[in-house]
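Encoded as structure tokens, the structure appears first; notes follow it.
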Amino acid sequence: MKQTDFVVTLFEGKENPENLTVAVVMGVNALKQGHTASIILMVKAVSLGQPGEANGVDIGAPFPEAGGQLEEFLNLGGQVCICNACMIHNGFSAEQMDSRYELINAPDVVTLLMGAKGSLQIT
């Protein structure tokens with residue numbers, strides 16, 4: 001896990017497509033402004049750690065489709081982290097998660113948030 005300037009913490013998955021969309025759009029915009037950025041998947045959002053899980057989530061104009069935005073986030077150097085305890089609690093295993101994402105624990109979450117210049121908590 002690397003420390004980043006901007007951290008988005010997402011607590012819900014596809015059941016709240018607006019929150020997912022805002023999280024990835026804000027992450028992409030932070031990167032485009034020259035900041036480093038992380039998205040932390042916690043609680044129910046850990047389901048988004050599965051490959052392709054955000055694909056097809058589209059809340060409509062003016063927002064882009066979330067899966068494409070997530071790919072752009074990664075291509076621009078963004079970091080996606082998955083809360084390991086939340087993953088296990090929700091019945092997922094590390095093998096089910098996208099290999100590009102990093103499993104982190106509570107101390108890592110605190111480190112990311114405390115070291116960031118800015119953060120956005122989306123519940």
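A donor-acceptor contact shorter than 3.5 Å links the side chain of Asn29 to the backbone of Val25. For the pair Gln96 (side chain) and Ser93 (backbone), a donor-acceptor distance under 3.5 Å is present.
For the residue pair Gly27 and Ala37, the shortest heavy atom distance occurs at O-CB, 4.1 Å. Listed here is the closest heavy atom pair of Leu41 and Gly49: CD1-N, 3.7 Å. Minimum interatomic distance between Asn55 and Gly67 (heavy atoms only, all atoms of both residues): OD1-CA, 3.6 Å. Nearest heavy atom pair, residue Ser47 against residue Gly13, reads OG-CA, 4.3 Å. Across every non-hydrogen atom of Val7 and Leu113, the tightest pair is CG1-CD2, 3.8 Å. Across Ala23 and Ile39, no two heavy atoms sit closer than the pair O-CD1, 4.1 Å.
How far CG of Asn105 is from SG of Cys83: 7.0 Å, rounded to the nearest 0.5 Å. Here the CE atom belonging to Met114 is positioned 10.5 Å from the CD atom belonging to Gln3, to the nearest 0.5 angstrom. Lys44 contributes atom NZ, which lies 7.0 Å from atom CG of Asn90 (distance to the nearest 0.5 angstrom).
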Working note: Tyr101 + Gln79, criterion side chain to side chain contact (heavy atoms under 4.5 Å, CB included); need CA distance, chi angles, decisive distance, verdict.
CA-CA 7 Å; Tyr101 302 171; Gln79 171 178 254; over 6 Å; no
How far apart are the C-alpha atoms of Val43 and Leu10, what are their side-chain angles, what is the distance that settles it, and do they pass the side chain to side chain contact (heavy atoms under 4.5 Å, CB included) test?
CA-CA 8 Å; Val43 191; Leu10 184 61; over 6 Å; no
Steps toward side chain to side chain contact (heavy atoms under 4.5 Å, CB included) verdict (Val109, Ile104):
CA-CA 7 Å; Val109 172; Ile104 63 173; 3.7 Å; yes
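Contacts classified as salt bridge (Lys or Arg N to Asp or Glu O under 4.0 Å) and involving residues 46-75 (residues at least two apart or in different chains) are given here: Lys14-Glu53, Lys32-Glu72, Glu71-Arg100. Sorted by first and then second residue, the pairs that involve residues 111-123 and meet side-chain hydrogen bond (donor to acceptor under 3.5 Å, both in side chains), not counting sequence neighbours, are Thr9-Gln121, Ser119-Gln121.
Transitive grouping of hydrophobic side chains (ILVMFWY, heavy atoms separated by less than 4.5 Å) keeps Met1 and Phe6 in distinct clusters. By the rule that hydrophobic residues join a cluster once side-chain heavy atoms approach within less than 4.5 Å of another member, Leu74 and Leu112 end up as members of separate clusters. Val46 and Met42 end up in different hydrophobic clusters when Ile, Leu, Val, Met, Phe, Trp and Tyr side chains are linked at under 4.5 Å. By the rule that hydrophobic residues join a cluster once side-chain heavy atoms approach within less than 4.5 Å of another member, Ile82 and Val8 end up as members of one cluster. When the side chains of ILVMFWY residues are joined at heavy-atom separations under 4.5 Å, either directly or via intervening members, Leu76 and Leu20 end up in a single hydrophobic cluster.
Counting heavy atoms from C-beta on, the side chains of Phe11 and Ile122 never come closer than 4.5 Å.
Phe92 CZ: more than 12 foreign heavy atoms inside a 6.0 Å radius.
Using modelled atom types, one finds a donor on one side chain and an acceptor on the other under 3.5 Å when comparing Ser38 with Thr4.
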